[in-house]
Visitor: 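Got a structure here, written out as structure tokens. Questions coming.
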Amino acid sequence: MAKAPVRVAVTGAAGQIGYALLFRIASGEMLGKDQPVILQMLELPIDKAQAALKGVMMELEDCAFPLLAGMVGTADPKVAFKDADYALLVGAKPRGPGMERKDLLMENAKIFIEQGKALDAVASRNIKVLVVGNPANTNAWIAMKSAPSLPKENFTAMLRLDHNRALSQLASKTGKPVDSMEKLIVWGNHSPTMYPDYRFATIAGQAAPAAVNDDAWYKNEFIPKVGKRGAAIIEARGVSSAASAANAAIDHMRDWALGTNGKWVTMGVPSDGSYGIPEGTLYGVPVTCVGGKYQRVTGLAIDDFSRQKMDFTLKELQEEQDGVKSMLG
Ligand SMILES: NC(=O)C1=CN([C@@H]2O[C@H](COP(=O)(O)OP(=O)(O)OC[C@H]3O[C@@H](n4cnc5c(N)ncnc54)[C@H](O)[C@@H]3O)[C@@H](O)[C@H]2O)C=CC1
Ligand SMILES: O=C([O-])CC(=O)C(=O)O
């Protein structure tokens, strides 16, 4: 029997990432080729944004996607999130050259307070929320705090782009394919303080540190390169990454919904207090997914180098949280 459609809300639907994302969701790349979807798209209540959204919806229509069971375009978060099973919170101001993601904090925080409240009021109680808009971890934390009636674990932030970037850098260093890699982690904040950790990773079955065999490259080139890749894209393109960000959002949601078959992936999730990360902090950790739930990989040893890196990115997250606490009421 055909599956019943699920409702997928996407904010910032007429933006760069939205344009790279919606068509892939509607074609079944996110939730499976047998899962019909209803797209509920939110844009700003301004003529230009609403006209652009209308154009995107016309193009979606013109694709005649068999899985696209309905569409809603709106400027009202309570309409966009009504009974939503999934929400991809993309709509926010992106950074330009010379900015850090946390420079967007005050401006974008308001959006995530309003949207957290709207999710709280009207979304499915089982909704899976992915925050893409920057600074993603703290925005996810803000949305979670603004939605007290929804389970905290339903709120996640995107570190998958960082995870994918790290895989590709390791692939080009070792000459091995990305799908031969397992157990990579990106700890912490989606910012240059993030800590890509290859200590437990394997590459084509061999321990990653041995396969790379270049600790100086790992510490002095790989870690900063992955952390600053977003800025390098902005410098090259003049605008921030979009197709790769949409791709990572698809990967994150697909794995959460459909499972990882035991593979580790990185998700920003509210901490359960493990690894010295205070409970509730939205922090990138290794997880596996099964049955529509993520499970943290537990019991990993944290050496001195890792502790220092993990505390550094935590400190930044705590500063971001402190910066917006007064807005949360
Ligand atoms: N977490 C990650 O790995 C990444 C995050 N990003 C972030 O994603 C966000 C979106 O990036 P782009 O699509 O490139 O930006 P964009 O400027 O092309 O599109 C953003 C869209 O959001 C809309 N928007 C703004 N406020 C809104 C609101 N309150 N409700 C609904 N829609 C709203 C705008 O009208 C615009 O159409 C930025 O914050 C960017 O920094 C980008 C790349 C990677
Ligand atoms: O760097 C930015 O501002 C956009 C982003 O988050 C990324 O590409 O990682």
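Atoms within each ligand, like the ligands themselves, are counted from 1 in listed order. The chain is numbered in sequence order, starting from 1.
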Visitor: Of all residues at least two apart in sequence or in a different chain, which pass the salt bridge (Lys or Arg N to Asp or Glu O under 4.0 Å) check with R95?
Guide: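 Residues passing salt bridge (Lys or Arg N to Asp or Glu O under 4.0 Å) with R95: E100.
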
Visitor: Other members of the hydrophobic cluster containing V72, with the 4.5 Å side-chain heavy-atom rule, please.
Guide: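 Result for V72 is V79.
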
Visitor: Among all protein heavy atoms, pick out the one at the shortest distance from atom 40 (C) of ligand 1; state its residue, atom name and that distance to 0.1 Å.
Guide: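 Checking every protein heavy atom, the shortest distance to atom 40 (C) of ligand 1 gives N134 ND2, 3.6 Å.
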
Visitor: With a 4.0 Å cut-off on heavy atoms, does R101 reach ligand 1?
Guide: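 Per 4.0 Å heavy-atom rule, R101 does not contact ligand 1.
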
Visitor: So does D255 pair up with R160, basic N to acidic O under 4.0 Å?
Guide: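 Yes, D255 and R160 are salt-bridged.
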
Visitor: Write down the atom of Q35, the atom of A4, and the distance for their closest heavy-atom approach.
Guide: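 Minimum heavy-atom separation between Q35 and A4: NE2-O, 2.9 Å.
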
Visitor: To the nearest 0.1 Å, how far is atom 27 (C) of ligand 1 from its closest protein heavy atom, and which atom is that?
Guide: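 Looking at atom 27 (C) of ligand 1, the protein heavy atom closest to it is L44 CD2, 3.4 Å.
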
Visitor: I'd like to know if the side chain of D120 pairs up with that of S149 as donor and acceptor (distance under 3.5 Å, no hydrogens or angles considered).
Guide: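 Result is yes, a qualifying pair exists.
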
Visitor: Please give me the minimum heavy-atom distance between Y275 and V297, naming the atom from each residue.
Guide: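 For Y275 versus V297, the nearest heavy atoms are OH-O, 2.8 Å.
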
Visitor: Tell me the protein heavy atom at minimum distance from atom 44 (C) of ligand 1, and give that distance in Å.
Guide: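 In this structure, atom 44 (C) of ligand 1 has A245 CB, 3.6 Å as its nearest protein heavy atom.
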
Visitor: When you look at V37 and L68, which way does the side-chain contact (heavy atoms from CB on, under 4.5 Å) test go after all the steps?
Guide: CA-CA 5 Å; V37 293; L68 187 55; 4.2 Å; yes

Visitor: Considering only non-hydrogen protein atoms, determine which one is nearest to atom 1 (N) of ligand 1 and report residue, atom name and distance to 0.1 Å.
Guide: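 Residue, atom and distance for the closest contact: V132 O, 3.1 Å.
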
Visitor: Looking only at N/O atoms, are Q16 and ligand 1 under 3.5 Å apart anywhere?
Guide: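 Right, the criterion is met.
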
Visitor: Please determine which of T313, T138, D162 meets the side-chain hydrogen bond (donor to acceptor under 3.5 Å, both in side chains) test together with H190.
Guide: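 When T313, T138, D162 are each tested with H190, the side-chain hydrogen bond (donor to acceptor under 3.5 Å, both in side chains) holds only for D162.
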
Visitor: If you measure every N or O of E43 against every N or O of ligand 1, does any of those distances drop under 3.5 Å?
Guide: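 Yes.
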
Visitor: From Q206 CD over to S180 OG, what is the distance, rounded to the nearest 0.5 angstrom?
Guide: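 Reported value, rounded in 0.5 Å steps: 10.5 Å.
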
Visitor: Could you check atom 32 (N) of ligand 1 against the protein and tell me its nearest heavy-atom contact, residue, atom and distance included?
Guide: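 Atom 32 (N) of ligand 1 sits closest to the protein heavy atom G12 N, 3.4 Å.
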
Visitor: With heavy atoms under 4.0 Å as the rule, classify the contact between I111 and ligand 1 as side chain, backbone, both or neither.
Guide: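 The answer is the side chain of I111.
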
Visitor: Counting only heavy atoms, which portion of K93 has something under 4.0 Å from ligand 1: side chain, backbone, both, or neither?
Guide: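 For K93, only backbone atoms sit under 4.0 Å from ligand 1.
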
Visitor: For atom 20 (C) of ligand 1, what's the nearest protein heavy atom and its distance?
Guide: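 Looking only at protein heavy atoms, the one closest to atom 20 (C) of ligand 1 is A92 O, 3.6 Å.
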
Visitor: Does the residue A242 have a heavy-atom contact with ligand 1, meaning some pair of atoms that are separated by less than 4.0 Å?
Guide: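 So A242 does not count as touching ligand 1.
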
Visitor: Any N or O on H190 sitting closer than 3.5 Å to an N or O of ligand 1?
Guide: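 By distance alone, the answer is yes.
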
Visitor: Side chain, backbone, both or neither: which part of I17 comes within less than 4.0 Å of ligand 1 when only heavy atoms are counted?
Guide: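 It is both parts that get close, each with some atom under 4.0 Å.
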
Visitor: How long is the gap from CG on L314 to CD on Q321, to the nearest 0.5 Å?
Guide: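 Answer for the CG-CD pair, L314 versus Q321, is 8.0 Å.
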
Visitor: Test of understanding: given a 4.0 Å heavy-atom threshold, classify the contact between Q115 and ligand 1 as side chain, backbone, both, or neither.
Guide: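 For Q115, only side-chain atoms sit under 4.0 Å from ligand 1.
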
Visitor: What protein heavy atom sits nearest atom 9 (C) of ligand 1, and how far off is it?
Guide: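 Among all protein heavy atoms, the one nearest atom 9 (C) of ligand 1 is V90 O, 3.2 Å.
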
Visitor: Can you tell which of A140, G15, A80, P94 gets a heavy atom nearest to atom 15 (O) of ligand 1?
Guide: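 That would be P94.
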
Visitor: Which residue pairs satisfy the side chain to side chain donor-acceptor pair (under 3.5 Å) criterion with at least one member in residues 5-15, sequence neighbours excluded?
Guide: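 Listed once each, the pairs are R7-Q40.
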
Visitor: Counting from 1, what ligand 1 atoms have a heavy atom of L161 closer than 4.0 Å?
Guide: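 Close to L161: 3 (O), 44 (C).
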
Visitor: List the protein residues in contact with ligand 2, where contact means a heavy-atom separation under 4.0 angstrom.
Guide: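 The 4.0 Å shell around ligand 2 contains R95, R101, N134, L161, R165, H190, G230, I234, S240, S241.
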
Visitor: After noting the C-alpha distance and the side-chain angles of R199 and D197, does the key distance pass the salt bridge (charged side-chain N to carboxylate O under 4.0 Å, His left out) rule?
Guide: CA-CA 6 Å; R199 291 175 305 135; D197 180 358; 3.0 Å; yes

Visitor: Between atom CG of N139 and atom CG of L89, what is the distance when rounded to the nearest 0.5 Å?
Guide: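 So the CG of N139 and the CG of L89 are separated by 9.0 Å.
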
Visitor: Relative to Y294, does K128 satisfy both conditions: NZ or CZ under 6.0 angstrom from the six-membered ring centre, and within 45 degrees of the ring's axis?
Guide: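 Geometry flag: not set, cation outside 6.0 Å or 45°.
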
